[in-house]
Asker: 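Have a look at this one before I ask anything.
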Amino acid sequence: MTSVNSYIETLQEGALTQKKIAREFLGVAHDETQRMIHMINDLLELSRMDQGRTKMDTEAVNFTKFINYVLDRFDVMFKQGHSMHSDNHYKIIRNYDQKKSCYVEIDSDKFMQVVDNVINNAINYSPDGGNIEIGINETDDSIILSIKDHGLGIPKKDLENVFTRFYRVDKSRARKQGGTGLGLAISKEVVEALHGKIRVESTVNVGTTFFISLPKVDTSSSRFDFS
């Protein structure tokens, strides 16, 4: 708010008549306003979760088809150059059998936000482009989604805090790209509300992998079919 107020005051004091400066200041004010809106929405979502007022509209989902659907959206984004680093080349690598069916019970909208958030983090912290590898593995009772990048990595001292509210490993990068420091906290809340777990492994200058495990559902059909 202080930043937005300062730019607006400068415009009121005469900078509005200087077109180049005015456009720049208005652009900054717009970006900061969007960031505040994003932060407020995230805070409201966390507040609802804390108070147990978030309803999970769950159903059995063919997880492989669901992930294919999510990744197809990113493929289109990369192809059209709509990523946050449009000058760099990113590619989604699908390290799993795309025809194999496996089922979980999720709120598809909320879990899609989780996957979007983690993949966007992979993009943000791979500033030079590169591959983002997606895996789906099974245990006796769980489905495990892995999202791996080959970017900057997370220092060991920061790993235990990445799911903490408002915590940002690289504050300048997060601020520049509109990060609120709440995305991973919300992701953790959603995953745990679905009786799953999320964890991270990382090495500086090598990359980061997020693992999301969900209880397996024993069913042969899904009411929510991504085809």
Asker: Does the side chain of Ile136 reach to within under 4.5 Å of the side chain of Phe63, using non-hydrogen atoms?
Answerer: yes
Asker: Considering only NZ, NE, NH1 and NH2 on the basic side and carboxylate oxygens on the acidic side, decide whether Lys65 and Asp72 come within less than 4.0 Å.
Answerer: no
Asker: Does Asp149 reach the main-chain N or O of Ile132 with its side chain, forming a donor-acceptor pair under 3.5 Å?
Answerer: no
Asker: side-chain hydrogen bond (donor to acceptor under 3.5 Å, both in side chains) for Thr139 and Asp141? Distances and angles first, verdict last.
Answerer: CA-CA 5 Å; Thr139 65; Asp141 55 6; 3.3 Å; yes
Asker: Decide if atom NZ of Lys216 counts as having more than 12 heavy atoms of other residues, nucleotides or ligands within a radius under 6.0 Å.
Answerer: yes
Asker: Between Thr58 and Asp107, does any side-chain donor sit less than 3.5 Å from a side-chain acceptor?
Answerer: no
Asker: Is Asp57 paired with Lys110 through a side-chain N to carboxylate O contact shorter than 4.0 Å?
Answerer: no
Asker: Val115 pairs by side-chain contact (heavy atoms from CB on, under 4.5 Å) with which of Val118, Asn117, Ile119?
Answerer: Ile119
Asker: Is there a side-chain contact between Phe66 and Ile106, using heavy atoms and a 4.5 Å cut-off?
Answerer: yes
Asker: Sequence neighbours left out, what passes side chain to side chain contact (heavy atoms under 4.5 Å, CB included) with Pro215? Give chain and number order.
Answerer: His195
Asker: Is the closest side-chain heavy-atom distance between Thr64 and Asp97 below 4.5 Å?
Answerer: no
Asker: Mind checking whether Leu184 and Phe210 have side chains closer than 4.5 Å, heavy atoms only?
Answerer: yes
Asker: Just one of Phe74, Phe78, Tyr125 clears the ring pair (Phe, Tyr, Trp, His ring centres under 6.0 Å) bar with Tyr90, so which one?
Answerer: Phe78
Asker: Do Tyr96 and Asn68 meet the criterion of a side-chain donor-acceptor pair at a distance under 3.5 Å?
Answerer: yes
Asker: Thr203 and Asn205: side-chain donor and acceptor closer than 3.5 Å?
Answerer: no
Asker: Among Asn95, Ile93, Ile147, find the residue that satisfies the side-chain contact (heavy atoms from CB on, under 4.5 Å) test when tested with Ile134.
Answerer: Ile147
